[in-house]
Amino acid sequence: MGAEYNSTGGGVRPMQARRRVWALAWPLIVSNITVPLLGLVDTAVVGHLPDNRYLGGVTLGATLFSFLYWGFGFLRMGTTGLTAQALGRDDTDDIIRVLGQSLLLAVVIGIALIALHPLLIPLGLQLLDGSAAVTAEADVYARIRIASAPAVLANYALIGWFLGRGYSRVTLLLMVINNSVNIVLDLVFVMGLGMTTAGVALASVLADYVTLVSGIGLALLAWHGWGWRRVSGVFADMAGYGRLLSVNLALFIRTLCLLFAFAFFHSRGAQLGDVTLAANAVLLQFVLLASYGLDGFAHATESLVGQRIGAADQAGFRSVVRAATEWSLVTAGAASLGFALGGGALIDLLTDLPAVRETADQYLPWMVAMPVLAVGSYLLDGLFIGATRTRAMRDTMIAAVLFFYLPVWWLTQSLGNHGLWLAFVSFTVARSLLLGAVFWREWRRGSWFGETRTA
């Protein structure tokens, strides 16, 4: 599975830190790259059905659940930071409690989503505003897919726990299991049994539960110290639940702000016309591509920073931050260079509509600049998650939206889509600067190794 790193002595040398960051990051980068594969297979399978309403319904339904489940991504992030710190302290009981409590919280939220689905699904589909035929198919998809909520959220907790312990290859394995089962069942249900939208949804539900069972099995294999005393501590440790809820509530609010930022971007783009909306959708794929690498190093930072803080290893903390910064800057620079040299070709690959191509080309310089301007937000998010300084993440995200994103958009409306991209980039840079200021302030105070769990 990989090796935990929780030594509390001697610090971490710079070269060792670079190797550790890379060893954790590359499986995460690969797992990120596999994400679009499933959507590609879903599209290919449903796209061969005789009526295009099936493809539209699956696309609309999958979009709804992407936003819904993304909103609970804090279950992964909060679990990573708390687990990594417990590992750094060499606190076996707390490592097990964090997983148990995160799983229970995930299951409770998942069951609540199932109970509320008669309200959530119609509201979500109304906001997505598809045609009547497509919305009807999306409703079929959603009412089946909602059954996966406990499994999806529990998988977030498991992935966060494995990452916190430094087992990034396990997260890759779980992603491969989920995608492989999903693809096979897609083919069986749709191509083999003649099902349509319901078959695609059912395949996703079953894949999520297979992944959950696999993850729990791997967790049991990863730790042989399970016992009734430790497991019962999951239920008895009320302070642990308070800590978990405090960390996760701040992350939840932060995620809602991020969702609002993207939703606002899409809605303002839509007001500029269908061609501009389509061009922005193409250009956001550039942002997604850059995030594959930057997120990988950010997630590695979460784990290693949390471990160093748990071990009260200031020298190791410094080495990890330096190494993660180096890797992130190299990745961002490579992405910007790649977009500068091949951005036009990538646009042509993503769309064959002349008007969309021409419009996207006009805004390509924003994509060239984006990776190097956004790198700080990814890296610092990873650092603050590992340190469980989630309140700072929440507060700076709110400030970036209210005092940078929205005002810049308001002042630059006359610039059209250039103004919209300027506002989005300003929002990203503001997140970096604000979190960077908090980091520097706390570093000068020497408070990174104080009480960090809910700060």
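Side chains are part of it too, since the values below use all heavy atoms of this structure and drop only hydrogens, waters and symmetry mates. Position 1 is the first residue of the sequence, and the numbers go up from there.
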Nearest heavy-atom neighbours spanning Ala369 and Val372 = O-CG2, 3.1 Å
Yes or no on side-chain contact (heavy atoms from CB on, under 4.5 Å) for Leu82 and Arg243, after CA distance, side-chain angles and deciding distance?
-> CA-CA 9 Å; Leu82 292 171; Arg243 181 184 71 205; 3.6 Å; yes
Strictly by modelled atom types, are Asn280 and Asn417 linked by a side-chain donor-acceptor pair under 3.5 Å?
-> yes
Can you check whether Gly164's main-chain N or O pairs, donor with acceptor, with Thr83's side chain at less than 3.5 Å?
-> no
Check whether any side-chain heavy atom of Leu212 sits under 4.5 Å from a side-chain heavy atom of Leu158, and report yes or no.
-> yes
Just how far is it from atom CG of Leu244 to atom CG of Leu104, taken to the nearest 0.5 Å?
-> 10.0 Å
Residue pair Phe162 / Leu173, side-chain heavy-atom distance below 4.5 Å = no
Can you list the steps and then say if Tyr69 with Ser148 is a side-chain contact (heavy atoms from CB on, under 4.5 Å)?
-> CA-CA 10 Å; Tyr69 290 150; Ser148 68; 3.2 Å; yes
Please answer whether the main-chain N or O of Leu28 pairs with a side-chain N or O of Ser31 as donor and acceptor at a distance below 3.5 Å.
-> yes
Here the pair of heavy atoms bringing Asn32 nearest to Ser291 is ND2-O, 4.4 Å
Interatomic distance, NE2@His117 vs CD1@Ile114, rounded to 0.5 Å, equals 8.5 Å
Side-chain donor-acceptor pair under 3.5 Å between Thr80 and Arg76, yes or no?
-> yes
CG of Leu349 to CD of Gln285: how many Å apart, nearest 0.5 Å?
-> 11.0 Å
Using distance alone, with no hydrogens and no angle criterion, decide if Ser102 and Tyr156 have a side-chain donor and acceptor under 3.5 Å apart.
-> no
Taking Asn182 for the side chain and Asn178 for the main chain, is one N or O donor matched with an acceptor at less than 3.5 Å?
-> no
What do you reckon, are the aromatic ring centroids of Phe439 and Trp448 less than 6.0 Å apart?
-> yes
Do Phe384 and Glu442 have side-chain heavy atoms sitting under 4.5 Å apart?
-> no
Nearest heavy atoms of Gly199 and Phe189, plus distance in Å = O-CD1, 3.4 Å
Closest approach of Pro27 to Arg169 (non-hydrogen atoms, all atoms of both residues) = CG-CG, 3.7 Å
Heavy-atom check, side chain of Thr79 versus side chain of Val98, under 4.5 Å = yes
Centroid-centroid under 6.0 Å between Phe252 and Phe74 rings = yes
Taking the side chain as C-beta and beyond, is there a heavy-atom pair between Ser426 and Leu422 under 4.5 Å?
-> yes
Does the distance from a Lys or Arg side-chain N to an Asp or Glu carboxylate O, for Arg389 and Asp395, drop under 4.0 Å?
-> no
Chi angles and distances behind the salt bridge (Lys or Arg N to Asp or Glu O under 4.0 Å) call for Arg318, Asp313 = CA-CA 9 Å; Arg318 245 188 326 265; Asp313 177 8; over 6 Å; no
Give, for atom OG1 of Thr211 and atom CD1 of Ile216, the distance between the pair rounded to the nearest 0.5 Å.
-> 11.0 Å
side-chain contact (heavy atoms from CB on, under 4.5 Å) between Leu24 and Tyr167, intermediate numbers included | CA-CA 7 Å; Leu24 277 176; Tyr167 291 155; over 6 Å; no
State yes or no: are the ring centers of Phe297 and Tyr378 separated by less than 6.0 Å?
-> no
Give a yes or no answer on whether the side chain of Ser336 reaches the backbone of Gly333 with a donor-acceptor pair at less than 3.5 Å.
-> no
Leu379 backbone acceptor or donor facing Ser328 side chain under 3.5 Å = no
With rounding to the nearest 0.5 Å, note down the distance linking CG in Leu350 to CG in Leu284.
-> 11.5 Å
Examine Arg165 relative to Trp161 and say whether NZ or CZ is less than 6.0 Å from the centre of the six-membered ring and inside a 45° cone about the ring axis.
-> yes
Return each pair, listed once, that meets salt bridge (Lys or Arg N to Asp or Glu O under 4.0 Å) where at least one residue sits in residues 210-220; pairs must be two or more places apart or across chains.
-> none
Derivation of the side-chain contact (heavy atoms from CB on, under 4.5 Å) call for Ile144 and Val205 | CA-CA 8 Å; Ile144 297 172; Val205 171; 4.3 Å; yes
Within 45 degrees of the axis of the six-membered ring of Tyr141 and under 6.0 Å from its centre: does Arg143 put its NZ or CZ there?
-> no
Can you give me every donor-acceptor pair (side chain of residues 254-267, partner residue at least two apart or in another chain, under 3.5 Å) with its distance?
unit_1: Arg254; atom_1: NH2; unit_2: Asp381; atom_2: OD2; d: 2.6
unit_1: Thr255; atom_1: OG1; unit_2: Leu251; atom_2: O; d: 2.9
unit_1: Ser267; atom_1: OG; unit_2: Ala263; atom_2: O; d: 3.4
unit_1: Ser267; atom_1: OG; unit_2: Phe264; atom_2: O; d: 2.9

How close do Tyr292 and Ile29 get, heavy atom to heavy atom, and via which atoms?
-> O-CG1, 3.6 Å
What residues form a salt bridge (Lys or Arg N to Asp or Glu O under 4.0 Å) with Arg444, not counting sequence neighbours?
-> none
Closest heavy-atom pair and its distance - Gly78, Val247 = CA-CG1, 3.9 Å
Pairwise side-chain contact, Asn248 with Thr390, heavy-atom cut-off 4.5 Å (strictly under) = no
Note, Phe286 side chain near Ile347 side chain (heavy atom, < 4.5 Å) | yes
Less than 4.5 Å apart, any side-chain heavy atom of Arg431 and any of Phe404?
-> no
Polar contact flag, side-chain donor to acceptor under 3.5 angstrom, Gln85-Thr388 | yes
Euclidean distance, Ser303 OG relative to Leu163 CG, rounded to 0.5 Å = 5.0 Å
In terms of the angle between their ring planes, are Trp443 and Phe317 parallel, tilted or perpendicular, with boundaries placed at 30° and 60°?
-> parallel
